[in-house]
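Here is the structure we will look at.
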Amino acid sequence: MVQAQVKGSPITSKSVKNFLSNNAIIILIVLLALVVGISTDNFFSVNNFRNLVVNVSPRFIIACGVSGCLITKGTDLSAGRMVGLSACLSAMLLQSVDYSARMLPWLPDIPVIGGLIIVLLICAVFGAISGCVIAFLKVPPFIATLGMQTIVYGLCSVITNNQPMGGYKQSYTNVANGSFFVIPYLALIALAVGIFMWFLYNKTRHGKYMYAIGGNESAAQVAGVNVSATLIRIYVLAAVMYALGGFLLGAKAGGASTATGFGYELEAIAACTIGGVSTNGGVGRVSGVLVGVLVFETLKICLQFLGVDPAYTFIVQGLVIIVAVALDLRKYLAKK
């Protein structure tokens with residue numbers, strides 16, 4: 001009995017209280033899902049579960065990109081607009097050659113993988129610029145990525161002339177709408193990204209450097225960490241994740257416009273924070289990011305089943321973001 005208490009922390013009223021307060025949002029939304037499932041039809045159905053998986057997959061990829069920025073005490077407010085740019089570039093490159101309203105009628109037929117590579121490279125350049133501004137010019141990530149958000153949105157408006165695009169070729173839409181037996185391709189891609197990010201964060205020097213910078217940047221630099229190079233890699237990788245997310249969202253929606261990806265950066269930050277990625281840096285796991293995205297998407301589906309007006313849905317999501325960050329700051333102050 002004594003050994004059991006030594007090996008594991010005894011359950012006390014204080015530990016229970018801390019657990020409930022630290023996971024309050026997750027617990028409340030799980031309870032909400034149970035209530036909605038009991039009171040409405042088809043909530044606990046295969047179709048609804050598939051819908052959840054399909055919606056979570058690209059958002060999880062985007063949140064993985066944001067997580068690296070948060071772990072280093074940064075942020076990335078350009079995520080949503082980068083997603084939109086990626087979706088629009090994918091549309092321009094992968095419209096069917098016989099589509100009458102093709103944006104670039106002179107463009108030859110490009111394979112889907114070729115279009116993806118081009119989009120990833122273009123977005124990686126913007127990520128590298130953000131990383132260089134943060135690493136070398138010492139501009140706070142909030143300001144640097146806010147500026148990049150505006151630049152990317154302006155460029156996206158110019159190249160698309162603010163015109164919505166569609167007419168994708170079948171091979172592109174199949175990427176998002178196809179399945180391997182009963183598992184959607186989107187879920188498999190998200191799983192591959194999750195495994196890659198877990199390995200990167202936990203088993204590589206880059207991951208160790210990232211957590212070290214988030215814990216104490218000055219100490220990491222003294223210990224020999226190349227802080228500037230690490231930050232640039234983090235923001236380049238984040239941009240690549242946004243590009244992949246936008247590529248998949250465009251295929252899933254069957255169309256794209258400059259409005260695609262609007263507000264996704266806030267959803268990603270909220271999901272990361274709900275999942276335990278601290279905005280104060282140095283803390284965060286890929287599994288937590290997945291939990292946060294699942295919880296956030298479950299909340300939206302619950303509100304849809306309850307027939308809540310979309311305007312009120314935005315209000316609820318905003319409140320969740322504020323509470324999530326407040327709880328994260330509470331945990332940070334308690335540790336101090």
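Numbers here are sequence positions counted from 1.
- Closest non-hydrogen pair, Ile234 versus Cys69, comes out as CG2-N, 3.8 Å.
- Checked by atom type and distance alone, the side chain of Tyr201 pairs as donor or acceptor with a backbone atom of Gly68 at under 3.5 Å.
- Here the shortest heavy-atom pairing between Pro184 and Arg50 reads CG-NH1, 3.4 Å.
- Lys169 places a side-chain N or O within 3.5 Å of a backbone atom of Ile110 that can act as its donor or acceptor partner.
- Nearest heavy atom pair, residue Gln149 against residue Glu265, reads NE2-OE2, 3.6 Å.
- In the displayed structure, Phe262 atom CZ is contacted under 6.0 Å by at most 12 heavy atoms of other residues, nucleotides or ligands.
- For the pair Asn42 and Ser45, the tightest heavy-atom approach, listed with the atom from each and the gap, is O-OG, 2.6 Å.
- The local environment of NZ in Lys208 is sparse, with at most 12 non-hydrogen atoms from other residues, nucleotides or ligands closer than 6.0 Å.
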**Request:** Dump the intermediate steps for salt bridge (charged side-chain N to carboxylate O under 4.0 Å, His left out) on Glu297 and Arg59, then the final yes or no.
**Result:** CA-CA 9 Å; Glu297 286 304 308; Arg59 287 170 170 82; 3.1 Å; yes
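- Residues passing the side chain to side chain contact (heavy atoms under 4.5 Å, CB included) test with Arg285, sequence neighbours excluded: Ser287.
- Environment of NZ in Lys203: sparse, with no more than 12 heavy atoms of neighbouring residues, nucleotides or ligands closer than 6.0 Å.
- In this structure, Ser257 contributes its side chain and Pro164 its backbone to no donor-acceptor pair below 3.5 Å.
- Side-chain contact between Leu85 and Tyr242 is absent, with no heavy atoms from C-beta onward closer than 4.5 Å.
- The environment of CZ in Phe314 is sparse: at most 12 heavy-atom neighbours from other residues, nucleotides or ligands sit within 6.0 Å.
- Val53 approaches Ala187 most closely through the heavy-atom pair CG1-CB, 3.6 Å.
- Among pairs with a residue in residues 169-196, those fulfilling ring-ring contact (aromatic ring centres under 6.0 Å, His included) read Tyr168-Tyr172, Tyr172-Phe247, at least two apart in sequence or across chains.
- Phe43 pairs by the ring pair (Phe, Tyr, Trp, His ring centres under 6.0 Å) definition with Phe305, not counting sequence neighbours.
- Here the closest non-hydrogen pair linking Val227 and Gln221 is CG2-CB, 4.0 Å.
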